[in-house]
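Counting starts at 1 for both ligands and their atoms, in listed order.
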Amino acid sequence: MKAIMKREPKPGFELVDVAQPKPGPKEILVKVKATSICGTDLHITEWDEWSQNRIKPPLLYGHEFAGEVIELGPGAEGVQVGDFVSAETHIACGQCFQCKTGNSHICENVKILGVDVNGCFAEYAAIPAANAWKNSKKINPKHASAQEPLGNAVHTISYCNVRDANVAIFGMGPIGLCAVQVCKAYGASKVIAVDPSEYRGKMAERNGADLVLNPKADDVVKEVLGATDGHGTDVYIEMSGSPQAITQGFKSLRPGGEVGFLGIPKKPFEFDWAENVVFKGCTVHGVNGRRMWDTWYRTRALLESGKVDLGKIVTHEMRLEDFGRGIELMRKGECGKVVLTP
Ligand SMILES: [Zn+2]
Ligand SMILES: [Zn+2]
């Protein structure tokens with residue numbers, strides 16, 4: 001089968017022809033109908049510091065997909081041949097303290113699909129049956145593939161009270177764009193989107209943002225305060241990982257506000273905790289992955305009711321062979337979600 005592989009510990013990728021995987025014990029074999037490129041895949045392709053420390057080539061990468069179950073491995077339960085599935089990409093151990101106390105999304109021994117084990121940039125993927133999520137067959141596979149980032153947005157927002165609130169979202173990558181839609185769906189009164197890319201600013205508008213700010217042109221903190229009667233936002237959703245954006249996000253948050261923090265800064269940076277967190281009396285929620293399976297049920301409800309439309313996030317559809325072109329678009333920030341069909 002065709003697949004995208006990181007064969008050597010160096011920048012780049014290879015389109016390879018490898019044997020179709022066999023589903024092992026408690027695994028299922030999925031025929032991939034659509035798979036999408038995530039920021040993580042850009043890191044793996046570019047071979048940044050994080051990848052060098054984490055990835056052990058050779059690896060078939062990719063973790064977002066939707067496809068049909070075509071074979072069950074020995075002892076695989078809860079899924080049938082013919083089911084239309086996507087996957088929770090965090091493979092939890094089921095045995096550690098977090099797993100045993102209902103917090104398997106922060107499992108101590110987590111393995112990630114397409115990061116620690118072979119993933120789905122391929123015609124077929126073998127995944128643990130326990131990680132499969134049955135999709136409604138009504139959902140377009142190209143949209144179903146992008147549920148994982150939507151789940152990140154839903155999970156982040158679930159810690160904050162956005163109803164009738166003023167919310168600023170920093171970072172308009174696909175997860176930030178999903179967050180705009182989710183905040184509107186949950187009844188936020190004003191959603192302010194911040195991103196330095198003009199392309200992504202336009203996408204934010206299309207996804208329902210009430211105000212779009214560009215830190216290259218606007219005085220972000222001043223504009224946010226102006227748009228919130230001088231008080232600042234009730235909620236700050238961090239999806240950028242940029243130290244400059246993070247400082248602006250906290251400065252434009254009102255005292256006592258809430259922060260849902262998902263963005264990952266590239267490295268440690270200087271930050272004024274006293275001014276931004278302590279004296280402000282705000283609450284910061286660090287967010288990792290998606291809750292299993294609470295987040296997935298909420299995500300399904302948003303999709304089935306039509307309150308969230310992933311069609312507005314998917315901007316490019318191409319063949320798996322065009323992976324390099326998709327990565328290039330991601331590098332330039334000139335895309336929402338890029339979906340590939342094997
Ligand atoms: Zn992803
Ligand atoms: Zn665990």
Side-chain angles (χ1 to χ4, degrees), residues 4 6 13 26 30 32 34-46 48 50-51 54-55 59-67 85-122 125 127-128 130-133 135 141-156 171-179 182 239-241 262-264 287-293 295-296 299 310 313-316 320 323 326-327 329-331 333 335-340:
I4 300 295
K6 172 67 80 178
F13 68 92
K26 299 189 175 175
V30 178
V32 178
T35 174
S36 37
I37 308 178
C38 181
T40 308
D41 306 314
L42 180 60
H43 295 309
I44 297 174
T45 307
E46 292 186 330
D48 66 357
W50 170 83
S51 309
R54 178 76 178 254
I55 307 292
L59 174 82
L60 299 182
Y61 55 123
H63 57 269
E64 299 175 9
F65 73 92
V85 298
S86 289
E88 167 51 56
T89 55
H90 288 198
I91 302 168
C93 75
Q95 302 302 325
C96 72
F97 180 87
Q98 276 72 246
C99 283
K100 290 217 184 264
T101 52
N103 291 300
S104 53
H105 65 295
I106 41 175
C107 168
E108 292 170 25
N109 307 307
V110 72
K111 287 200 177 91
I112 300 180
L113 201 66
V115 169
D116 304 307
V117 298
N118 279 342
C120 62
F121 286 153
I127 64 158
N131 281 65
W133 173 255
N135 295 316
K142 287 168 186 155
H143 300 175
S145 176
Q147 274 177 107
E148 193 242 23
L150 171 58
N152 284 132
V154 170
H155 184 199
T156 306
M172 286 293 119
I175 303 176
L177 294 168
C178 286
V182 175
M239 302 284 188
S240 75
L262 186 88
I264 302 169
V287 183
N288 186 351
R290 297 141 300 276
R291 290 197 75 93
M292 290 169 240
W293 292 83
T295 305
W296 287 85
T299 301
L310 283 172
I313 309 288
V314 175
T315 51
H316 294 78
L320 185 64
F323 179 75
I327 283 287
L329 286 166
M330 300 260 308
R331 193 175 284 135
C335 56
K337 216 24 149 180
V338 178
V339 178
L340 311 165

If I consider every N, O or S atom in Glu64, which one ends up closest to the Zn ion (ligand 1)? I only need its name. OE2

Evaluate the side-chain proximity of Val339 to Thr35: yes if any heavy-atom separation is below 4.5 Å, no if none is. no

Taking atom types as modelled and ignoring hydrogens, do the side chains of Tyr61 and Thr45 form a donor-acceptor contact shorter than 3.5 angstrom? yes

The single option from Ser145, Cys178, Cys38 that satisfies side-chain contact (heavy atoms from CB on, under 4.5 Å) with Lys337 is Cys38

Test side-chain contact (heavy atoms from CB on, under 4.5 Å) applied to Asp41 and His63, Glu64, Met330, the passing residue: His63

Kindly report the NE2-the Zn ion (ligand 1)-SG angle for His63 and Cys38 respectively, rounded to 10°. 100°

Test of geometry: compute the angle SG(Cys93)-the Zn ion (ligand 2)-SG(Cys99) and round it to 10°. 120°

Quick check: does Glu148 put an N/O/S atom under 2.8 Å from the Zn ion (ligand 1)? yes

